[in-house]
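Heavy atoms only: backbone and side chains are in, while hydrogens, waters and symmetry mates are out. Remember, it's 1-based here, ligands and their atoms both numbered in the order they're listed.
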Amino acid sequence: MATTEYHEPVLLAETLGLLDLKPGSLVVDGTLGGGGHAEAILERTAPDGRLVGLDLDPEALREAGRRLAPFGERVKLVHASFRRLEDVAADLAPTPIDGIVLDLGVSSHQLDEPARGFRFGDGPESPLDMRMDGAGSRPTAAALLADLSAEDLERLFSEFGQLPGARRLARAIVARRTSEPLVTAGDLVSLVRETGIGRGRKHNPATLVFQALRIAVNDELGALEEGLQAAIRVLRPGGRLAVIAYHSLEDRLVKQTFRAAERGCTCPPEWPACRCGFEPSLQVLTRKPIVPGEDEIARNPRARSARLRGAIRLEAA
Ligand SMILES: C[S@@+](CC[C@H](N)C(=O)[O-])C[C@H]1O[C@@H](n2cnc3c(N)ncnc32)[C@H](O)[C@@H]1O
């Protein structure tokens with residue numbers, strides 16, 4: 001398969017612009033995927049810049065490894081979550097990290113692979129798995145549907161999918177699983193259809209249901225929260241962070257984390273003096289997120305929901 005078919009990098013020029021790379025820079029790509037952003041970063045930091053690429057998915061690492069092989073010793077690939085950025089930084093020490101990029105979510109290849117069960121259009125027999133690392137320690141989507149209470153399922157669908165009818169679907173799942181388990185995409189899609197939720201809406205409600213399950217299975221928001229804090233801690237002063245989000249909850253978390261790091265002090269404004277001692281640690285580069293232009297969306301419809309934000313690490317006070 002040609003590498004561009006694996007995953008077309010989103011907002012590539014804009015991401016490179018925010019990272020402001022120089023020859024010799026050391027960059028960590030926390031979401032390597034097909035290696036599209038990584039390849040462009042290595043070209044921009046030639047002749048001696050280095051890149052450490054992380055991914056949870058061993059298949060992504062294999063694909064990116066093939067693509068980035070021409071860069072030889074300049075590349076190191078690590079099978080890990082970006083939650084572990086501090087371990088990665090400890091291995092690189094004392095070399096300072098100049099840039100970190102996080103391009104969240106799943107790659108086109110993961111979405112297009114029926115065996116991964118990431119979306120409902122993959123055919124009725126595709127398993128409800130959805131784990132990004134293929135077979136990690138986390139429960140599959142089928143296990144969540146089998147084990148969570150009706151209240152927890154409702155919370156999952158309304159919080160992560162903003163699904164109208166979350167309660168109705170949660171109750172229908174609990175009623176159905178007493179007679180037959182939900183194990184395939186087809187089982188879940190039929191049940192969503194039977195509940196009638198979202199009928200007449202522009203978008204198929206099953207899209208929201210599958211997205212909510214994927215976010216829960218991979219604890220995507222928890223990983224992002226930890227990964228952002230770790231990224232701020234390990235960047236060198238003057239180093240840059242670029243994050244591309246595809247979901248409003250992720251983008252909100254990035255925006256709020258950046259703002260809080262820029263503000264520093266968390267004391268109530270009515271207090272006469274700061275008691276918390278938190279210093280500003282970021283300068284935000286994007287007051288509003290950078291979004292793809294019409295050309296990019298026409299070329300790559302999956303870029304449509306992308307939101308890019310960037311920040312510079314400040315000197316510690
Ligand atoms: C949108 S793709 C990245 C595409 C990449 N920028 C490119 O140009 O090919 C997201 C990748 O991040 C990986 N991923 C998601 N969450 C992760 C995490 N917490 N830690 C490491 N990798 C993660 C996924 O497995 C997927 O391969």
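A salt bridge does not link Glu250 with Arg307: none of the charged nitrogens is closer than 4.0 Å to a carboxylate oxygen. Between Arg236 and Asp98 there is a salt bridge, since a side-chain N of the basic residue sits under 4.0 Å from a carboxylate O of the acidic one. For Asp133 and Arg131, the salt-bridge test fails: no basic side-chain N is under 4.0 Å from an acidic carboxylate O. For Arg287 and Glu262, the salt-bridge test passes: some basic side-chain N is under 4.0 Å from an acidic carboxylate O. Salt-bridge check for Glu154 with Arg168: failed, with every basic side-chain N at 4.0 Å or more from each acidic carboxylate O. Between Arg66 and Glu63, at least one side-chain nitrogen of the basic residue sits less than 4.0 Å from a carboxylate oxygen of the acidic one, meeting the salt-bridge criterion.
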Criterion side chain to side chain contact (heavy atoms under 4.5 Å, CB included) on Thr257 and Ile232, from CA distance to verdict: CA-CA 10 Å; Thr257 306; Ile232 296 170; 4.2 Å; yes

Chi angles and distances behind the side chain to side chain contact (heavy atoms under 4.5 Å, CB included) call for Thr45, Phe71: CA-CA 11 Å; Thr45 58; Phe71 297 97; over 6 Å; no

Test side chain to side chain contact (heavy atoms under 4.5 Å, CB included) applied to Ile41 and Leu19, step by step: CA-CA 9 Å; Ile41 289 167; Leu19 290 172; 4.1 Å; yes

Residue pair Leu42, Arg74: steps toward the side chain to side chain contact (heavy atoms under 4.5 Å, CB included) verdict: CA-CA 8 Å; Leu42 284 156; Arg74 294 176 57 204; 3.8 Å; yes

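The shortest N or O to N or O distance between Asp55 and ligand 1 is below 3.5 Å. Taking distance alone, with nitrogen or oxygen atoms compared against 3.5 Å, Gly35 approaches ligand 1 more closely than that limit. Polar contact with ligand 1: absent for Val106 (N/O pair, distance under 3.5 Å). For the pair His37 and ligand 1, the shortest N or O to N or O distance falls below 3.5 Å. Polar contact with ligand 1: absent for Leu54 (N/O pair, distance under 3.5 Å).
From the protein, the heavy atom lying nearest to atom 22 (N) of ligand 1 is Leu56 N, 3.3 Å. Closest to atom 21 (C) of ligand 1, if we only count protein heavy atoms, is Gly30 O, 3.3 Å. Of all protein heavy atoms, the one closest to atom 20 (N) of ligand 1 is Phe82 N, 2.9 Å. Looking from atom 3 (C) of ligand 1 to the surrounding protein, the closest heavy atom is Thr31 O, 3.3 Å.
Distances from atom 5 (C) of ligand 1 to the heavy atoms of Leu32, Leu12, Val101 show the closest one on Leu32. Here atom 16 (N) of ligand 1 lies nearest to Met132 when heavy atoms of Met132, Glu63, Glu8, Arg83 are compared.
Near Ser81, meaning under 4.0 Å from one of its heavy atoms, ligand 1 places the atoms 18 (C), 19 (N), 20 (N), 21 (C). Less than 4.0 angstrom separates some heavy atom of Pro9 from each of these atoms of ligand 1: 8 (O). Each of the following atoms of ligand 1 lies closer than 4.0 Å to a heavy atom of Gly34: 7 (C), 9 (O). Less than 4.0 angstrom separates some heavy atom of Gly33 from each of these atoms of ligand 1: 3 (C), 4 (C), 9 (O), 27 (O). Contact atoms of ligand 1 toward Leu104: 1 (C) (distance under 4.0 Å to a heavy atom of the residue). Here is the list of ligand 1 atoms found below 4.0 Å of a heavy atom in Gly36: 7 (C), 8 (O), 9 (O). Taking every heavy atom of Asp57 and a limit of under 4.0 angstrom, the matching atoms of ligand 1 come to 25 (O).
In summary, the side chains of Asp103 and Tyr246 do present a donor paired with an acceptor at a separation below 3.5 Å, with no hydrogens or angles considered. Looking only at atom types and distance, the side chain of Ser281 has no donor-acceptor partner in the side chain of Arg233 under 3.5 Å away. For the residue pair Asp187 / Thr184, a side-chain donor-acceptor distance below 3.5 Å is found, with atom types taken as modelled.
When non-hydrogen atoms are compared, ligand 1 lies under 4.0 Å from neither the backbone nor the side chain of Asp29. Neither the backbone nor the side chain of Val10 has a heavy atom within less than 4.0 Å of ligand 1. Contact annotation: for Ala80 versus ligand 1, heavy atoms closer than 4.0 Å belong to the backbone alone.
Contact annotation: Asn218 has no heavy atom less than 4.0 Å from any atom of ligand 1.
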